[in-house]
Amino acid sequence: MSAPLSPRQLFNMLDSGRISREEFRVRMKDCAEEIITEMEEDHLNPVAAFLEQILSRRAASKLLRHHEEKVIREVLQALSEIEDFQPARWLWNAAHPHIPLHAFFRSKREPVFRIVALEALPQLVTVNVEYSTQGSDGLVREQIRLRRDRRSQLGLERRQLVPD
């Protein structure tokens, strides 16, 4: 079973006519139920939720020491637009500044998503990520290269798996 698509991907599919309004509603309901389930888990185990939040804040803080928040959000947004990128469903609203940056990192909670390294140049960004996928025990490590287009928006140039 494939991972649910992000709301951004679902909106794009609806706008392009690839899915019907009814299918859109059903898939958005799945996204909402996934979020509600996580909220219930956090309520039932507040200590684990608090520890995850501390780890996520640390990950965001580490990135913020070397990069502006605007750049990090732009990279997360570009990653969310990669069609077959599993963590996209967690990153789709990264451009919204009212959502804390740490909310996009998942250090221990499944599915895991971490930025291991980020190198940002004016026209080119290279980001190394680790993430888990459904039905897999290990982590996927990828190096993703993003390049700015004519409109100065980051888009995928190249992806490659990074060996352990």
Side-chain angles (χ1 to χ4, degrees), residues 1-46 48-57 59-60 63 69-116 118 125 127-142 144-149 151-157 159 161:
M1 180 177 139
S2 65
L5 297 172
S6 75
R8 176 177 305 284
Q9 292 166 329
L10 292 174
F11 276 111
N12 288 341
M13 291 173 73
L14 177 66
D15 289 344
S16 66
R18 291 184 284 166
I19 60 173
S20 68
R21 286 180 184 254
E22 186 56 37
E23 187 175 359
F24 172 78
R25 286 186 189 105
V26 168
R27 288 182 167 196
M28 284 297 286
K29 180 182 175 206
D30 292 342
C31 291
E33 286 174 350
E34 188 174 40
I35 292 168
I36 291 168
T37 300
E38 283 207 355
M39 291 168 57
E40 290 171 345
E41 289 171 2
D42 286 352
H43 181 72
L44 292 173
N45 195 346
F50 180 69
L51 291 174
E52 178 66 22
Q53 185 182 58
I54 288 173
L55 293 172
S56 297
R57 285 179 186 268
L63 283 171
E69 182 173 349
K70 179 182 172 190
V71 171
I72 297 168
R73 286 184 182 277
E74 187 178 23
V75 168
L76 292 172
Q77 187 69 36
L79 292 175
S80 78
E81 293 171 4
I82 298 173
E83 199 160 311
D84 61 342
F85 187 62
Q86 291 260 342
R89 71 182 197 269
W90 303 108
L91 306 174
W92 68 274
N93 56 354
H96 298 274
H98 63 280
I99 300 174
L101 189 60
H102 72 270
F104 302 105
F105 300 103
R106 301 172 68 89
S107 298
K108 298 284 184 193
R109 175 182 232 154
E110 291 293 327
V112 170
F113 174 74
R114 301 181 195 117
I115 292 181
V116 178
L118 176 64
V125 174
V127 60
N128 290 1
V129 296
E130 289 181 339
Y131 59 91
S132 59
T133 58
Q134 287 181 331
S136 173
D137 290 337
L139 291 175
V140 175
R141 291 173 180 84
E142 275 191 79
I144 300 173
R145 193 167 158 170
L146 306 165
R147 183 172 295 280
R148 292 196 186 282
D149 61 13
R151 298 175 312 215
S152 195
Q153 293 181 345
L154 287 176
L156 178 65
E157 181 180 75
R159 293 171 74 167
L161 291 175

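Since we're looking at a predicted model, the values are computed, not measured.
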**Report entry** Lys/Arg-Asp/Glu bridge criterion (N-O < 4.0 Å) met for Lys70, Glu74
**Finding:** no
Query raised in the report: Taking C-beta and beyond as the side chain, do Pro100 and Gln53 meet within less than 4.5 Å on heavy atoms?
Result: no
Query raised in the report: If you round to the nearest 0.5 Å, how far is CD1 of Ile115 from CG of Leu79?
Result: 6.5 Å
**Report entry** Lys/Arg N to Asp/Glu carboxylate O, Asp84 vs Arg159, below 4.0 Å
**Finding:** yes
Report task. Taking the side chain as every heavy atom from C-beta outward, state whether Leu101 and Arg73 have any atom pair closer than 4.5 Å. Result -> yes
Query raised in the report: Got a sec, which residues hit ring pair (Phe, Tyr, Trp, His ring centres under 6.0 Å) with Phe11, two or more places apart in sequence or on another chain?
Result: Phe24
Query raised in the report: Between atom CZ of Arg106 and atom NZ of Lys108, what is the distance when rounded to the nearest 0.5 Å?
Result: 14.0 Å
Requested in this report: Would you please test Ile35 and Met39 for side-chain contact (heavy atoms from CB on, under 4.5 Å) and show each step?
Outcome: CA-CA 6 Å; Ile35 292 168; Met39 291 168 57; 4.0 Å; yes
**Report entry** For Val112 against Ser132, the heavy-atom pair lying closest together
**Finding:** N-OG, 2.7 Å
Query raised in the report: Roughly how far, to the nearest 0.5 Å, is CZ of Phe113 from CD of Glu130?
Result: 10.5 Å
Query - Minimum side-chain heavy-atom gap Met13-Glu23 below 4.5 Å - result: no
Query raised in the report: When you look at Glu52 and Ser107, which way does the side-chain contact (heavy atoms from CB on, under 4.5 Å) test go after all the steps?
Result: CA-CA 7 Å; Glu52 178 66 22; Ser107 298; 3.9 Å; yes
Requested in this report: Could you tell me the separation between the CG atom of Leu63 and the CG atom of Leu118, rounded to the nearest 0.5 Å?
Outcome: 6.0 Å
Query raised in the report: Does any non-hydrogen side-chain atom of Leu139 lie less than 4.5 Å from one of Arg114?
Result: yes
**Report entry** Euclidean distance, Gln9 CD relative to Glu81 CD, rounded to 0.5 Å
**Finding:** 9.0 Å
Query raised in the report: Will you find, in the side chains of Ser6 and Arg8, an N or O donor that is under 3.5 Å from an N or O acceptor?
Result: no
Query raised in the report: For Ala95, does its backbone N or O pair with a side-chain atom of Gln77 as donor and acceptor, under 3.5 Å?
Result: yes
Report task. Measure across Phe104 and Ala94 and return the closest heavy-atom pair with its distance rounded to 0.1 Å. Result -> CZ-CA, 3.4 Å
Query - Atom pair CZ/CG of Phe105 and Leu91 - distance to nearest 0.5 Å - result: 8.5 Å
Query raised in the report: ring pair (Phe, Tyr, Trp, His ring centres under 6.0 Å) with His43: which residues, sequence neighbours excluded?
Result: none
Query raised in the report: So, do Met28 and Asp30 sit near enough that their side-chain heavy atoms are less than 4.5 Å apart?
Result: no
Query raised in the report: If you count the non-hydrogen atoms of other residues, nucleotides and ligands that lie under 6.0 Å from CD in Glu83, is the total more than 12?
Result: no
